[in-house]
Every structure is written in C-alpha cells, then in structure tokens.
Amino acid sequence: MSMDWLKNDEEEAREYWGRYKYVYALVGIFFCILVARLWQLQIIEGAELRAFSEKNRVKETKLPAPRGLFLDRENRVLVDNLPGFDVTLTPQYVTHLEETAEAISPIIEIPAKEIVDTVKKSRYRDGPFRPVRIKDNLTKDEVYQLKVIRWDHPGLNVNEVIVRSYPLADDGAQLFGYVGEISRSQLPRLNEKFEGKVQFEQGDIIGKSGLEEVWDLTIRGKDGVSYVEVDARGREAPSENPIYFGFKPKPYEAGNNLVLTLDKDIQEAAYAAMNRNDEIGPRIGGVVAMKSNGEILAWVNSPSYNPNLFSTGISTKLWSELLNHPFKPMRNKVIQDHYSPGSTFKPFVAVAALQEKIINPTTLIHAPAQIIYGRRPYHDHSRHGYGYIPVTEALERSSNVFFYKMGIALGIDRIASYAKYLGLGGKTGVEVPHEVSGLIPTEEWKEKAYGEPWQPGENLSNAIGQGFVLSTALQMAVGFNAIGLEGPVVKPFIVQKIIDTDNNVLKQFEPEVVRDTSKPNAEGLVIDKKNFEVVKEGLRRVVNGKHGTARWSAQLREIPSIQAAGKTGTTQVRSWSADEVYKKCNLRPLNLRHHGWFVGFAPYDKPEITVAVLSQHSCSGSRGAAPIAKDIMLAYFRKYHPELMKDAPSRHVSESPPSDDEVAE
Amino acid sequence: MSLDLKSNLQVEERNFLSRLDLNFAFAIFALNLIGLINLYSATHGIFHRDKSNLFWMQIAWLVVGWLIYLGITLVDYRSLVKKAYWIYGLNMVALVAVGFVGTVSYGARRWLDLGFFKYQPSESMKVFLILVMAKILAKMKPNSAMGIKELAWPALIVLIPWALTVKQPDLGTATLMLATSGSMILFVGIKRGILIFAALVGIIAAPLIWNFGLKEYQRNRVLTFLSPGRDPRGTGYNSIQSKIAVGSGRIVGKGFRKGTQSQLEFLPERHTDFIYSVLSEEHGFIGSFITLGLFFVVYLMSIKIAIHARDRTGSLIVIGVGGYLFWHMFVNIGMVIGLLPIVGAPLPLISYGGSSLLTTMLALGLISSVSYRKYLF
C-alpha cells in the first residue's frame with residue numbers, strides 16, 4: 001500500500017514538469033526588468049540623482065537684510081531695527097497640529113483653535129511648505145519655553161528676526177510709513193515693476209507706506225543665504241562635520257541709510273504742538289515745517305497710530321479700528337488730502353491784483369460788511385465792515401469783501417495763473433507717496449469738468465479760497481515760501497543723503513528751485529519784487545499788527561529781532577443745517593466744526609522757516625492753527641538762533657484772542 | 001496512516017542535517033543578514049535614537065522566525081494540507097472578527113490586539129490560502145485546463161477573504177492574496193476562453209473601478225505614480241525621494257550609514273517599506289544587485305524543489321510560496337525604484353517587522369518541508 005501511494009505521488013508531480021520552463025522564463029524576465037531599472041537609476045541617471053540628493057540635504061535659508069535706518073539731519077535715529085524673535089509652524093512638518101497648538105497656546109497666550117485655524121488657512125492658501133507666523137515679538141520667557149518644547153513638535157520653529165522699530169512711535173508715523181509682508185496681490189505687480197532690480201518672494205518684508213514705501217529699493221538691502229544640513233522635517237541636523245558641497249553662504253548686504261532733512265527736535269516740537277492740551281484739545285490735521293530752501297524739518301499728522309504695531313503684525317481688530325476711525329489716523333493729511341485753503345488763499349489773490357495793476361499798494365478799497373453781487377449778498381465775517389482799506393490791512397484783517405472785489409476785477413483765470421505760478425494746484429514733487437495735486441480752477445477747467453460755463457459769482461467765493469479751490473498743506477507751505485523768498489518756488493525734499501553702513505555718502509540731494517517767479521516765464525508771467533514786499537508786509541501785520549488775526553498767538557512779536565509773517569484761514573465744513581442750528585462753532589459736534597489754517601514764515605524779511613498748519617474742526621485758524629506754527633517757529637529759533645532769542649519773554653503771552661474770527665463763507 | 005507518519009519522523013530525526021536543504025537556508029539567512037545591516041543603518045541615524053531598539057527586536061524576531069522555519073520543516077506538509085480547511089476556517093473567524101473588534105490605525109481596521117502582539121489575520125491568510133489552494137488544485141486533472149466548473153470553488157475560497165481584506169481597507173494585502181492564488185491557478189492551467197474572458201472583463205471593469213471603486217487617495221497614488229512630478233512635495237514626494245535615494249547610490253553607494261537621504265529623514269518609512277532604498281543608496285548598484293540576485297537564487301532553488309517534490313501538492317505549495325515571496329518582493333522593490341505606485345508593503349526578509357518576518361519564515365518553512373520530503377533521484 002505504501003509503495004503504491006509513493007508511486008502515485010511521483011507520477012503526479014511529474015505531470016507539472018512541462019510547465020516549469022514558463023516559470024523560469026517569467027522569473028528571468030522579471031529579474032531583467034528590475035536589474036534594468038536599477039541600471040537606469042544608478043548608472044545612467046546616477047550622477048544627476050546624486051546631485052539632487054545633495055541639494056536635498058543642504059537647505060537654503062534666507063538671511064534677511066536689515067533695512068536702512070532713517071536718521072535726522074544730525075544723524076539721530078528716527079527709524080531703527082531691533083532684534084526680535086517670532087514663532088512659526090510649517091504645516092508640512094507638523095505631525096499633530098492640534099497637539100502642537102495645545103502645547104504652545106498657554107505659552108504665547110493665543111487660543112489653540114485660533115492657531116489651528118491660522119495654520120490650516122495658510123496651508124490652504126500658500127501650500128504646506130510656507131512657515132506660518134504664529135506670533136511675533138516674543139518675550140525672552142516665551143522664547144525659552146518654546147525652545148524647550150521645540151523638539152517634541154516637528155515643524156515648530158523659533159526664529160531670530162529683525163523688527164522694524166519706530167522710536168518716535170506715532171510721531172511722524174504717516175511720513176515714515178510702516179513695513180509688512182508683501183501681499184499676494186502685490187507680489188506679481190512689484191516683480192513686474194522692478195524686474196531686473198529685485199525679485200520679491202512670498203514672505204518678504206516691504207515698505208507699505210510713506211518713506212518706507214518710496215525708498216524701499218534703496219533701503220531694503222540684499223538678502224543673503226546660508227546653507228544648513230536639514231532633514232525632511234526641516235529641522236537642522238546637528239551634524240558634526242557639515243559639508244556644504246560647494247554651497248557658499250552669502251552674507252546679506254545691509255540696506256543703505258537715509259539721512260533726512262528732518263530735525264528731531266523740531267519734529268518733536270511739532271508733535272507736541274499738535275497734541276497740545278488747551279481749550280481745543282489735541283489737534284486733528286497736519287503740519288509741515290520747511291526750511292526756505294525746501295528741506296522739510298517737521299511733518300506731523302494727527303490723530304496718529306503706532307507703526308511699531310505693524311512691524312510685529314497688526315491685529316485685524318486694530319486695523320479695522322484705524323481704517324474706520326472718523327479722523328483717519330492712517331492718512332498723510334499733509335499731502336494726501338486737499339482742502340479749501342480759505343483765507344490763506346488771499347495773499348495769492350493779492351499778488352495777482354497788485355501785479356495785474358488792479359490796485360497799487362496804496363489803493364483804498366471800500367470794504368463794508370457785505371456786498372450784493374448778481375442779486376446775492378456776499379458777507380464779511382465782520383458785522384461792521386472796515387471802511388476804506390489798503391491791501392495790507394485787507395490781509396491783516398482778512399477782509400472778505402476786499403477780496404470779493406479783487407475776484408470780480410481779476411476773474412478766475414488771472415487768479416489761477418498766479419496761484420499756479422506760485423506752486424498751488426500741482427504736485428510739489430516731494431518724494432513721499434500719495435501726494436494729491438490740489439485744484440486751482442479756471443473757466444476752461446469748469447467747462448470740462450462740469451459741462452457748464454463759469455459763473456461770475458464764483459469769482460467771489462474762489463477769491464477767498466472757497467468754491468473749487470483746493471490745496472494741500474505742503475502746497476500752501478511752498479506757495480507762502482515763494483512769497484516769503486520773493487520769487488523762488490522750491491521743491492520740498494526730505495531725503496538729504498543716502499549713506500551706506502560705513503557712512504560713505506552714496507548720494508547727496510541738493511535744494512532745488514523749480515522756478516523763480518520774480519523772473520518772467522515763457523508766457524511772460526512775472527511777479528515784481530515790490531509786489532511781494534507789499535503782500536509780505538500784510539502778512540507781517542497778520543501776526544504783528546494791531547488788528548492781525550494771529551496777533552495774540554504771536555509770541556514771536558515780543559522778540560524785536562524776529563518778526564514772523566503768515567495768514568490764518570477758517571473754512572466751513574459744509575453743513576448748512578448746522579449753520580442754522582448752532583450759532584457758535586464750538587457748540588457744534590466735532591465733525592461739523594470749521595477747519596483752521598495757518599501758513600507763515602519767519603523772519604518775515606529773510607525767511608528761514610515756513611510752516612503750514614491744517615487744524616481740522618478746531619473752529620478757527622487763529623486759535624486752532626496759529627499757536628501750533630508759533631510753537632514750531634519758537635523751537636526753531638531757540639535751537640538755531642539762540643542769540644536772537646535773548647529777549648524772548650519767559651512768561652507766556654496771554655492776550656485775549658480777537659473776538660471776531662474771519663470765517664470765509 | 002499514523003504509522004506512516006511515525007516512521008517518517010524516525011527517518012527525519014536520523015538524517016536531519018543531510019535532508020535539510022542547507023543551501024536554501026543559507027540563501028535565506030544571507031537575506032536576513034542584509035536586512036539586519038540595513039536596519040541598523042536605518043535606525044541608528046542622527047535622529048530617532050529611540051528607534052535603535054528596533055534592531056534588537058528584529059534579531060529576536062529572527063530567532064523566533066528560524067524556530068518556526070525549522071519547526072515547519074519537521075512537520076509533514078501533507079498533514080497540514082489535510083487540516084487546511086480547519087486552518088482556513090479559523091483564520092476566517094479571525095478575519096471576520098477584525099471587522100468588529102479590530103484595532104484601527106492609519107484609518108484602516110486590520111489588526112487584532114492580542115495584548116503582547118498585534119495579529120493581522122489577512123497576513124496569515126495569504127499563507128494559509130496557499131495550503132487550501134494546493135489541496136484543491138492538486139485534485140484537478142493534471143493535463144486538462146480548468147473550466148468554469150472547476151474554477152468556481154477555488155475562486156470562492158479566495159474571494160471571500162479577499163473581499164474582507166479589501167473592506168478593511170488593505171488593498172496591498174488583498175492584491176497580493178489574489179496574485180499568489182492566481183499564480184497557482186495559472187500554473188495548473190485554465191482554459192484559454194476563460195483567460196480571454198477575464199482579460200475582457202478586466203478592461204471593461206477598470207474604468208468603473210477607477211470611478212466608483214477607488215477612494216480619492218487611492219486614485220491620487222496611481223496618478224502620482226504615472227506622473228510623479230504632478231505634486232513633488234505632496235503625494236509624489238515619497239516616490240521622488242525614493243528614486244533619488246536609489247539613484248544617488250550610483251555604483252558603489254555612499255557607504256554604510258552615510259546615505260544622506262535616509263539619515264536625514266528624506267525617506268519615509270525607511271526601516272520598513274523603503275528599506276531597499278536605504279540599501280541602494282548606501283551600497284549602490286553592487287549592493288542592490290547582490291540582494292536582488294539572492295532573491296532570485298531563492299526563487300530558482302524553490303523551482304528546483306517544486307520539480308523534485310514528492311507529490312503535486314508539494315509542488316503547488318512551493319509554487320504558491322514562491323509566488324507569495326516573488327510578488328511581495330516585486331511590489332516592494334517596484335515601488336521603491338518607481339516602477340509601481342506606492343503601496344504599503346514590506347520587503348520580505350529585509351524590512352523590519354515581526355508580522356511580515358514570521359509569516360515569511362512560516363511560508364519558507366513550507367518549502368523547506370516539501371524539500372525535506374523530496375525524492376532523491
């Protein structure tokens with residue numbers, strides 16, 4: 001039995017013998033396929049793949065270049081860089097997002113859910129390899145605690161970063177601007193714009209506004225690269241013998257510094273003057289102080305914001321608060337908004353009237369309380385009128401009727417050509433972003449803009465700086481400066497020098513006179529020096545005269561050696577209903593109160609400094625704006641001409657302000 | 001019958017070493033050693049010192065594996081085949097139980113937690129199916145190809161555990177199950193008509209399975225395989241990194257423990273599924289070729305054992321186990337060198353892992369058992 005069984009077995013197994021050749025063939029074929037593939041990868045593509053693997057091992061890390069500093073004219077730091085730390089999560093390397101979020105949440109005091117959401121959102125938008133910044137500006141304690149737990153949480157990194165710092169905080173914020181990460185929409189646009197000059201990448205810090213924005217390419221420097229050995233989780237490998245395979249680290253090139261024309265002392269004085277605590281309270285608006293050659297000394301807008309908050313990533317809540325603030329803290333009101341100049345426009349009309357020989361310096365014009373023109377009454381702010389006055393007194397008292405009459409006699413086009421000649425109605429060309437051009441209307445302009453002819457009555461309102469006339473504070477400063485210098489229209493500038501980190505001067509900016517209005521231009525337009533002198537005398541009296549609208553605030557007039565000149569202006573916020581409800585300006589809601597202007601220069605005969613102040617909702621130019629200009633001028637003369645200030649009274653001049661302020665209609 | 005067994009055992013005990021196929025055992029052991037060397041490199045990197053105990057674990061598994069190998073060698077495969085349905089049945093119970101009480105990890109329910117050991121029933125089912133299939137197929141008339149009637153029963157036997165495994169889901173194991181049993185059926189031979197019909201069904205079913213049968217991530221894997229550059233840092237990452245690792249080894253490799261791809265963790269799962277890339281990176285074409293060669297030496301030896309088997313059951317078991325080993329190796333290495341899509345499958349005898357090693361040694365033990373009882377001509 002046993003033998004039978006064995007015999008059967010043997011025969012059975014032999015039945016398969018014919019099939020093994022297929023099995024051998026199949027195994028042989030597969031062997032060849034695998035060997036061929038190994039040959040292809042390791043022998044043919046080996047060199048290329050070896051290079052890949054080396055690149056893999058050595059990770060390129062960006063070394064961000066520190067941005068250039070902003071220095072004032074005495075090399076004092078206005079905008080600085082500070083070392084700081086931030087914490088990032090790289091989604092690709094994070095193994096347990098929830099756990100990691102829970103772990104870091106108590107350290108940095110951000111809810112875990114918020115961290116998870118931020119990371120997920122960024123992963124969705126920017127891909128898994130972009131580190132997501134969770135918190136900036138870490139404290140030493142936070143850095144320490146995060147570094148302790150870092151190894152348990154792949155993808156968690158604490159990075160040393162450079163934080164842009166603004167020691168002046170909200171003083172000058174709109175001028176200096178702020179920095180932030182390049183946005184997704186900006187990236188392609190800027191790369192196209194600066195093609196060949198700089199290649200921006202996602203995550204780069206760029207200047208977002210102000211000087212930071214316009215001078216970005218000059219001050220941003222060049223980022224360097226370093227190479228570190230890393231694992232696929234992005235963690236640096238503590239290799240004892242780092243071999244860089246010829247990858248040479250490239251140090252960053254620090255950005256160039258900007259030496260500004262600003263004077264920190266004057267800037268601080270201007271800021272303090274705007275944020276004064278008198279019966280009006282901290283001012284809303286903008287102020288610019290300029291040396292007569294065009295060097296900007298101070299530039300303040302208020303209310304303001306703290307740009308340090310932007311360097312470290314501003315919260316959406318604060319951002320929307322800033323955007324929705326009724327008095328627009330983010331706006332650079334000195335150039336970004338134009339307003340009716342009101343009575344500060346009158347000196348330009350006076351120049352035109354004198355030059356066009358409508359009047360001469362001694363011509364007396366009847367200036368009653370009101371005139372009727374085209375069956376409509378045009379009021380003065382004085383209920384009594386001034387009788388017969390010359391142009392100097394008309395400026396001193398800011399007579400509306402006098403200038404209505406000038407407007408009728410000149411017509412808008414002649415006013416416009418002088419105003420524009422003196423620098424209004426066009427950009428000054430200062431290298432600060434978002435400058436608007438203002439508006440000096442002409443008959444032709446109205447026809448084009450409205451499709452209606454110019455109305456004769458409009459000559460009156462526009463002659464006192466209302467109607468269509470619009471100007472920025474900086475334009476007013478340039479215009480008054482031209483009057484003060486008796487001709488030259490300067491180009492205001494704020495960057496004096498570009499210097500490298502070793503203080504080598506790379507570029508120097510010289511004062512620039514755009515045109516001299518005391519010399520005839522191509523169209524034969526010219527303003528005689530003697531006419532300037534007449535207008536200047538009027539402006540001197542505004543500050544120093546018996547009836548001057550700014551006399552009470554002119555502490556300078558107590559100093560015999562320095563006499564300032566200037567002009568106040570008050571313009572209504574257009575709300576006719578408010579006029580009916582409220583008799584007195586300061587009873588109105590803040591946002592319906594008049595704007596006050598003061599533009600002036602000193603010393604009046606040989607101007608060194610010109611200041612333009614726009615004080616919104618302060619009710620009056622003389623009380624709202626003039627004291628600010630006075631403070632700035634005093635600060636200037638105390639610093640630069642202490643010898644002239646010896647006679648300066650230490651007591652505060654307390655003189656009651658004029659009861660009637662000039663409110664232009 | 002019991003007398004027969006007893007007499008057999010007596011014979012075996014007398015001539016154990018001479019009857020054991022030593023060359024076959026050495027070839028397997030050589031592969032084990034290569035595996036250990038690589039595991040050491042893969043687990044003693046700069047990071048994950050906590051993984052260094054895996055090396056010692058694997059040595060322990062190896063000892064157990066060889067005990068199983070030698071133990072199975074001594075057990076007559078014919079007695080195992082006799083109990084094949086029982087074994088199959090028990091394994092089915094475990095497989096069904098997984099669906100209810102199995103442990104979930106990586107989104108799949110594959111394991112039974114036995115406390116000291118996580119048991120994966122689908123893994124052992126791959127081996128036990130070989131026994132059942134050998135039992136069934138050996139009864140077929142040798143020189144006539146199988147028709148539908150003959151195929152029905154073996155097909156049912158395979159498809160039930162297959163379906164349960166697909167459901168877990170564990171597509172890799174299910175496919176290997178099908179490949180192993182399919183190899184055995186093809187070896188025995190089926191009617192040409194059925195083959196053509198099956199091919200046609202496959203062609204028609206493919207787009208349907210693509211659209212309705214596969215999950216998003218599974219479709220992604222296939223798409224990525226067809227074009228790895230599609231998403232180099234996402235789904236294609238593993239595939240690309242693995243190819244870079246293999247290719248960068250060039251001819252002689254970067255040297256033991258000097259593979260940057262694996263040491264710096266660019267390679268995923270480098271001690272299990274991607275162990276062959278560590279080997280290829282550190283030992284180059286020479287190392288990869290020798291390892292591959294050893295696998296094929298094992299296959300050629302197996303074929304020889306099948307030819308000389310005492311009976312058809314023995315031949316079929318050897319073909320089954322050989323197919324099992326071959327397809328596992330091909331799927332793993334094919335994935336590592338970018339010939340196949342990424343599926344989670346270990347490389348038998350080389351990858352770390354008790355489950356894989358023990359089942360492989362058990363399966364190889366069956367070949368050894370067949371060899372042990374071959375006729376000496």
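As a basis for the values below, the full set of heavy atoms in this structure was taken, side chains included, without hydrogen atoms, waters or symmetry mates. Here is the naming used below: chain letters follow the sequence lines, and residue numbers restart at 1 for every chain.
Using a cut-off of 4.0 Å between Lys/Arg side-chain N and Asp/Glu carboxylate O, B:Lys254 and B:Glu281 are scored as salt-bridged. The pair A:Asp117-A:Lys113 meets the salt-bridge criterion, since a charged nitrogen lies less than 4.0 angstrom from a carboxylate oxygen.
With a threshold of 4.5 angstrom between heavy atoms, B:Ala306 approaches chain A through its backbone and through its side chain. With a threshold of 4.5 angstrom between heavy atoms, B:Ser280 approaches chain A through its backbone and through its side chain. A:Ile43 touches chain B through its side chain: at least one heavy atom from C-beta onward sits under 4.5 Å away, while N, CA, C and O do not. When heavy atoms are compared at a cutoff of 4.5 Å, B:Ile319 approaches chain A solely by way of its side chain, counted from C-beta outward.
No donor-acceptor contact under 3.5 angstrom links the side chains of B:Lys135 and B:Thr313, judged on distance only.
B:Phe326 and B:Phe330 have parallel rings, their planes meeting at less than 30° on a 0 to 90° scale where 60° marks the start of perpendicular.
The choice from A:Gly28, A:Gly18, A:Gly46 that makes the most heavy-atom pairs within less than 4.5 Å of chain B is A:Gly46. Contact count versus chain A (heavy atoms, under 4.5 Å) is highest, among B:Val188, B:Leu300, B:Ile251, B:Ile303, for B:Ile303.
Within the 4.5 Å cutoff, no side-chain heavy atoms of B:Phe285 are placed close to those of B:Arg250.
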